[in-house]
Amino acid sequence: MTRRGVGVEMDVVVADLNNDRHEAGILHVLDSYAADPIGGGEPLSPGVRARLIPGLRAHPTTLVLLAFEGENPIGIAVCFFGFSTFRASPLLNIHDLAVIPERRGEGVGRILLDAVEKHARERACCKLTLEAQQSNGRALTLYRKFGFEDFTLGDSGPTQFFAKTLA
C-alpha cells in the first residue's frame with residue numbers, strides 16, 4: 001500500500017522473510033536503530049545478524065511491516081501476536097518500531113502504526129501493546145498522539161514493563 005508522509009511517499013508491505021530484498025531491509029533498519037544511542041549505540045553483532053531472520057521465520061506469530069521509499073527501506077514495525085486472557089482475544093505487540101535516522105520526523109512511524117493497527121483490526125485484536133524507553137521523548141510523543149496510554153486494570157495504577165535478562 002502506498003502512503004504519504006511529510007514530503008515522502010512510501011510503500012508499506014508485509015515483509016516476506018524469504019525475500020532477499022526484505023531480509024536486507026529488515027537488517028538495515030534494525031541495525032540503524034541499534035547503532036543509535038537510543039537503541040544501545042552498537043550495531044547488531046554478526047551473531048545477531050545471522051540469527052535474526054531465521055528466528056523471525058521460526059516464530060509462529062511474527063508480523064514484520066517494512067516501509068520503503070522506492071527501493072530503500074526507511075522504517076520497520078516488528079510485531080508479534082499474543083493473547084489477552086482478561087479479554088479472551090488476540091492482541092498485537094509492537095516489539096520494534098524504527099525509522100532510519102535521516103527519515104525521522106517525516107511521518108514514517110505514524111504510517112507504520114496505521115498499518116499495524118489495520119492488521120490488528122483484521123485479526124480482531126482487542127489491543128495493541130508496546131514498550132518505550134522513558135528517555136525516548138520523540139517516540140513517546142508519537143505513541144501518545146496515536147492513542148497509546150499507560151495501561152491500568154481497574155484502579156490498580158499503571159502497569160510497568162519489566163525484564164529479566166537470561167544468559
Side-chain angles (χ1 to χ4, degrees), residues 3 5-8 10-17 19-59 61-82 91-117 119-120 127-151 158-167:
R3 307 279 188 149
V6 179
V8 63
M10 68 195 84
D11 290 313
V12 176
V13 300
V14 175
D16 176 348
L17 299 175
N19 176 308
D20 292 342
R21 178 175 166 246
H22 290 190
E23 290 178 25
I26 291 167
L27 291 171
H28 172 72
V29 177
L30 288 177
D31 194 55
S32 74
Y33 175 70
D36 191 89
I38 202 74
E42 296 287 331
L44 298 174
S45 72
V48 168
R49 291 178 68 84
R51 294 188 312 271
L52 181 59
I53 301 301
L56 289 171
R57 271 191 216 119
H59 198 295
T61 68
T62 300
L63 171 67
V64 178
L65 301 176
L66 277 170
F68 284 95
E69 182 181 41
E71 294 296 311
N72 301 314
I74 59 173
I76 191 168
V78 178
C79 308
F80 300 99
F81 288 95
L91 62 84
L92 186 55
N93 176 259
I94 304 166
H95 185 72
D96 295 304
L97 183 75
V99 176
I100 60 171
E102 57 271 16
R103 303 317 295 261
R104 292 178 187 157
E106 296 180 5
V108 178
R110 173 65 191 220
I111 288 170
L112 282 164
L113 287 173
D114 284 337
V116 167
E117 183 175 340
H119 284 273
K127 64 182 171 180
L128 295 173
T129 63
L130 57 74
E131 68 247 13
Q133 295 175 15
Q134 290 179 341
S135 62
N136 193 346
R138 181 179 234 157
L140 293 173
T141 298
L142 170 64
Y143 300 150
R144 286 189 178 109
K145 284 182 181 177
F146 195 77
F148 284 94
E149 54 190 29
D150 290 336
F151 175 75
T159 300
Q160 290 187 298
F161 177 79
F162 293 94
K164 176 181 178 181
T165 302
L166 304 175

[X] to [Y] - nearest heavy-atom pair and separation:
X: Ala67; Y: Met10; result: CB-SD, 4.1 Å
X: Leu97; Y: Gly109; result: CD2-O, 4.3 Å
X: Leu17; Y: Arg57; result: O-NE, 2.7 Å
X: Val99; Y: Arg104; result: O-NE, 2.9 Å
X: Gly75; Y: Val108; result: CA-CG1, 4.2 Å
X: Ser135; Y: Ile38; result: OG-CD1, 3.5 Å

(message) For Phe148 and Ile94: C-alpha separation, side-chain torsions, deciding distance, then whether side chain to side chain contact (heavy atoms under 4.5 Å, CB included) applies.
(response) CA-CA 12 Å; Phe148 284 94; Ile94 304 166; 4.1 Å; yes
(request) Check for a donor-acceptor pair, side chain of Arg49 on one end and backbone N or O of Leu44 on the other, with a separation under 3.5 Å. (result) no
Measuring from [X]:[atom1] to [Y]:[atom2], what's the distance to the nearest 0.5 Å?
X: Glu131; Y: Asp96; atom1: CD; atom2: CG; value: 8.0 Å
X: Ile76; Y: Ile100; atom1: CD1; atom2: CD1; value: 12.0 Å
X: Arg21; Y: Glu71; atom1: CZ; atom2: CD; value: 4.0 Å
X: Leu112; Y: Glu117; atom1: CG; atom2: CD; value: 13.0 Å
X: Leu65; Y: Asp114; atom1: CG; atom2: CG; value: 11.5 Å
X: Ile26; Y: Leu66; atom1: CD1; atom2: CG; value: 5.0 Å

(request) Would you please indicate if the ring centroids of Phe68 and His22 are separated by under 6.0 Å? (result) yes
(message) If we check side-chain contact (heavy atoms from CB on, under 4.5 Å) with Val64, which of these qualifies: Leu30, Val78, Val13?
(response) Val78
(request) Carefully, step by step, assess Thr141 and Arg144 under the rule side chain to side chain contact (heavy atoms under 4.5 Å, CB included). (result) CA-CA 5 Å; Thr141 298; Arg144 286 189 178 109; 5.9 Å; no
(message) With a 6.0 Å cut-off (strictly less than), is the heavy-atom count around CD of Glu102, excluding the residue itself, greater than 12?
(response) yes
(request) Just say parallel, tilted or perpendicular for the rings of Phe80 and His59, cut-offs at 30° and 60°. (result) tilted
